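Side-chain atoms are counted along with the backbone in the values below, which use heavy atoms only and exclude waters and symmetry mates. Values in this document were obtained by computation on a predicted structure and should not be read as measured data.
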Amino acid sequence: MTKMNRALMGATALCMVAGVASAQQTTLTIATVNNGDMIRMQGMTDSFTEANPDIALEWVTLEENVLRQRVTTDIATNGGQYDVMTIGTYEVPIWGRQGWLTSLNDLPAEWNKDDILPAIAGGLTVDGELYAAPFYGESSMVMYRTDLMEEAGLEMPEAPTWEFIREAAAAMTDEEAEIYGICARGKAGWGENMAFLTAMANSFGARWFDEEWNAQFDQPEWRETLEFYTGMMEESGPPGASNNGFNENLALFQQGKCGMWIDATVAASFVTGADSTVADQVGFALAPDTGLGKRGNWLWAWSLAIPASTDAPEAAKTFVAWATSNEYTELVAEAEGWANVPPGTRTSLYENEEYLSAAPFAEMTLQSIESADPTNPTVDPVPYTGVQFVAIPEFQGIGTAVGQQFSAALAGTTSIDDALATAQQLTTDEMEDAGYN
């Protein structure tokens with residue numbers, strides 16, 4: 001056999017081996033939200049694919065409202081379009097009970113399930129089965145410009161009231177300089193403006209439903225909440241606030257245009273990071289209250305779950321375990337610093353001195369997460385669980401429809417009276433159709 005023949009045969013053999021390897025490679029399609037931590041994760045996955053050459057990753061990155069709509073449709077129809085889904089504390093227990101998600105109780109021992117913060121793990125567990133692995137956990141808090149607060153002659157309390165927030169917002173507003181005292185969600189969506197407004201309403205004594213599942217938008221507590229919110233935003237909010245969700249308000253704060261922003265604790269690393277023009281002038285406080293015993297802070301985790309319809313459950317578990325592990329946290333810390341690691345999921349992170357010294361918001365984040373009580377979210381008793389949502393399947397549709405009414409009230413295209421009346425009627429109709437009352 002000539003050297004050339006041997007070389008050709010060797011090359012043919014290599015091609016055959018490569019073809020077999022390619023044929024054996026599993027591709028995972030991952031649906032995720034376009035938040036900063038998720039975008040960062042996509043940039044870190046070379047480490048995963050190098051360690052797991054038999055697994056390829058394909059990303060579908062979507063805006064929050066669109067993501068929710070698509071993954072809900074896919075899982076409810078057993079579509080099998082995604083192998084890993086980014087879903088939240090609202091969906092996990094509902095979908096887990098339906099049998100739509102794969103249990104993660106068998107993730108490797110080194111993943112350390114017991115390290116997950118109890119407040120976060122509780123919202124992802126049904127009858128002892130963990131149905132999603134938290135990528136980051138959050139509550140909500142006040143992020144504010146320390147320089148503008150000082151210029152206004154005010155000092156932010158650790159635990160402010162809503163009245164103080166409104167007063168401070170007005171004092172910090174300078175429309176000529178395009179600085180607005182308060183930024184808050186106005187974009188319609190059950191997980192956008194209604195996350196903020198439901199948590200806010202809890203602190204005003206409002207409820208979605210009484211103990212008999214009767215809608216409560218015709219009660220004075222909701223009127224007070226909506227009047228206060230729209231009044232404060234009209235006085236001190238940015239133009240077009242009804243179009244602003246998490247990402248829009250984050251950009252405004254980073255550009256120095258917000259005196260205060262009340263939103264997810266996970267934003268803290270971004271308002272104090274390299275992309276923020278005011279990074280050295282940011283302080284943190286607990287979400288506000290009205291003295292009734294409830295603060296306007298929520299509880300949430302963006303988590304990675306595996307739909308029961310996937311045809312690659314073991315590969316999906318391998319990815320989920322990696323992306324939500326201490327190993328991944330350390331990769332982010334090494335690449336971008338400890339302040340930028342995904343927060344709010346593991347007890348060990350809040351015992352890590354490197355993290356605590358790098359993240360001035362760490363203590364406030366943990367305090368906010370641990371103080372949120374999804375089993376007792378309101379001043380008066382309710383038949384549901386959930387702080388910024390009602391943990392029933394119908395809430396996704398009802399919450400978005402009500403959110404559209406309240407966004408329109410903020411925009412001034414409908415009155416508060418009409419928004420509340422419509423919210424009351426549509427919620428009542430939907431709940432009657434679903435057989436609740």
Side-chain angles (χ1 to χ4, degrees), residues 63-66 140 142 162-206 208 215-253 255-263 287-288 290 296 388-389 397-430:
E63 187 269 335
E64 189 168 319
N65 286 340
V66 177
S140 53
V142 183
W162 281 107
E163 286 295 342
F164 176 85
I165 293 296
R166 188 168 183 173
E167 173 191 349
M172 287 192 284
T173 297
D174 182 350
E175 292 187 5
E176 289 188 6
E178 294 187 325
I179 295 174
Y180 304 96
I182 185 71
C183 289
R185 299 189 189 191
K187 179 187 287 186
W190 72 264
E192 280 281 9
N193 66 335
M194 290 315 298
F196 176 81
L197 283 169
T198 300
M200 181 181 182
N202 292 340
S203 68
F204 277 78
W208 268 81
Q216 296 293 289
F217 293 105
D218 58 355
Q219 298 301 302
E221 292 84 1
W222 265 108
R223 172 174 293 281
E224 184 182 2
T225 302
L226 203 57
E227 286 180 342
F228 189 97
Y229 164 73
T230 57
M232 178 174 65
M233 296 300 292
E234 287 166 6
E235 294 164 2
S236 308
S242 61
N243 298 314
N244 293 344
F246 174 85
N247 283 327
E248 292 81 6
N249 283 320
L250 171 59
L252 287 171
F253 196 100
Q255 294 162 11
K257 296 184 182 297
C258 300
M260 292 178 291
W261 180 28
I262 304 172
D263 212 297
T290 64
Q388 77 279 24
F389 57 81
I398 297 172
T400 295
V402 172
Q404 290 166 348
Q405 294 301 313
F406 290 177
S407 184
L410 178 60
T413 58
T414 192
S415 68
I416 290 174
D417 283 344
D418 287 346
L420 288 168
T422 303
Q424 177 70 15
Q425 189 62 56
L426 69 86
T427 303
T428 298
D429 291 346
E430 289 294 328

Got a sec, which residues hit ring-ring contact (aromatic ring centres under 6.0 Å, His included) with F246, two or more places apart in sequence or on another chain?
W261

Contact summary for P288 and I262, nearest pair of heavy atoms:
CG-CD1, 3.9 Å

To the nearest 0.5 angstrom, please state how far the CH2 atom of W222 sits from the CG atom of L420.
8.5 Å

Under the side-chain hydrogen bond (donor to acceptor under 3.5 Å, both in side chains) test, which residues partner T198, sequence neighbours left out?
W208

Minimal non-hydrogen separation, L226 against I416, with atom names:
CD2-CG2, 4.0 Å

Can you name the nearest heavy-atom pair linking G256 to I179, along with the distance?
O-CG1, 3.8 Å

Determine, step by step, whether F217 and Q425 satisfy the side-chain contact (heavy atoms from CB on, under 4.5 Å) criterion, reporting the C-alpha distance in whole Å, the side-chain angles of both residues, the deciding distance to 0.1 Å, and the verdict.
CA-CA 9 Å; F217 293 105; Q425 189 62 56; over 6 Å; no

Rounded to the nearest 0.5 Å, how far does CG of N193 lie from CE of M200?
12.0 Å

CE-CD1 distance between M172 and I182, expressed to the nearest 0.5 angstrom
7.5 Å

So which heavy atom on M233 is nearest to which on P238, and how close?
CE-CD, 4.3 Å

Taking the side chain as every heavy atom from C-beta outward, state whether F406 and Y229 have any atom pair closer than 4.5 Å.
no

I need the minimum non-hydrogen distance between T414 and D418, along with the two atoms involved.
OG1-CB, 3.5 Å

Does any pair with a residue in residues 176-185 pass side-chain hydrogen bond (donor to acceptor under 3.5 Å, both in side chains), and if so which ones, sequence neighbours excluded?
E178-K257, R185-D263

Minimal heavy-atom distance between L410 and G186, with the atoms involved, is CD2-CA, 3.8 Å

For the CD atom on E235, are there more than 12 heavy atoms of other groups (residues, nucleotides or ligands in this structure) within a distance under 6.0 Å?
yes

Please check: side-chain N/O of E221 versus main-chain N/O of F204, any donor-acceptor pairing under 3.5 Å?
no

For residues 236-248, which residue pairs pass the side-chain hydrogen bond (donor to acceptor under 3.5 Å, both in side chains) check, not counting sequence neighbours?
N34-N247, K187-E248

CD (E63) and CD (E192) are apart, to the nearest 0.5 Å, by 6.0 Å

Look at the side chain of Q424 and the backbone N and O of D218, then say whether any donor-acceptor pair between them is shorter than 3.5 Å.
yes

Rounded to the nearest 0.5 Å, how far apart are CD1 of I398 and CE of M194?
11.0 Å

Between atom CZ of F253 and atom CE of M260, what is the distance when rounded to the nearest 0.5 Å?
10.0 Å

Just to verify, what does S203 make a side-chain hydrogen bond (donor to acceptor under 3.5 Å, both in side chains) with, not counting sequence neighbours?
W162

Near E227 CD, under 6.0 Å, is it more than 12 heavy atoms from other residues, nucleotides or ligands?
yes

side-chain hydrogen bond (donor to acceptor under 3.5 Å, both in side chains) partners for E224, two or more places apart
none

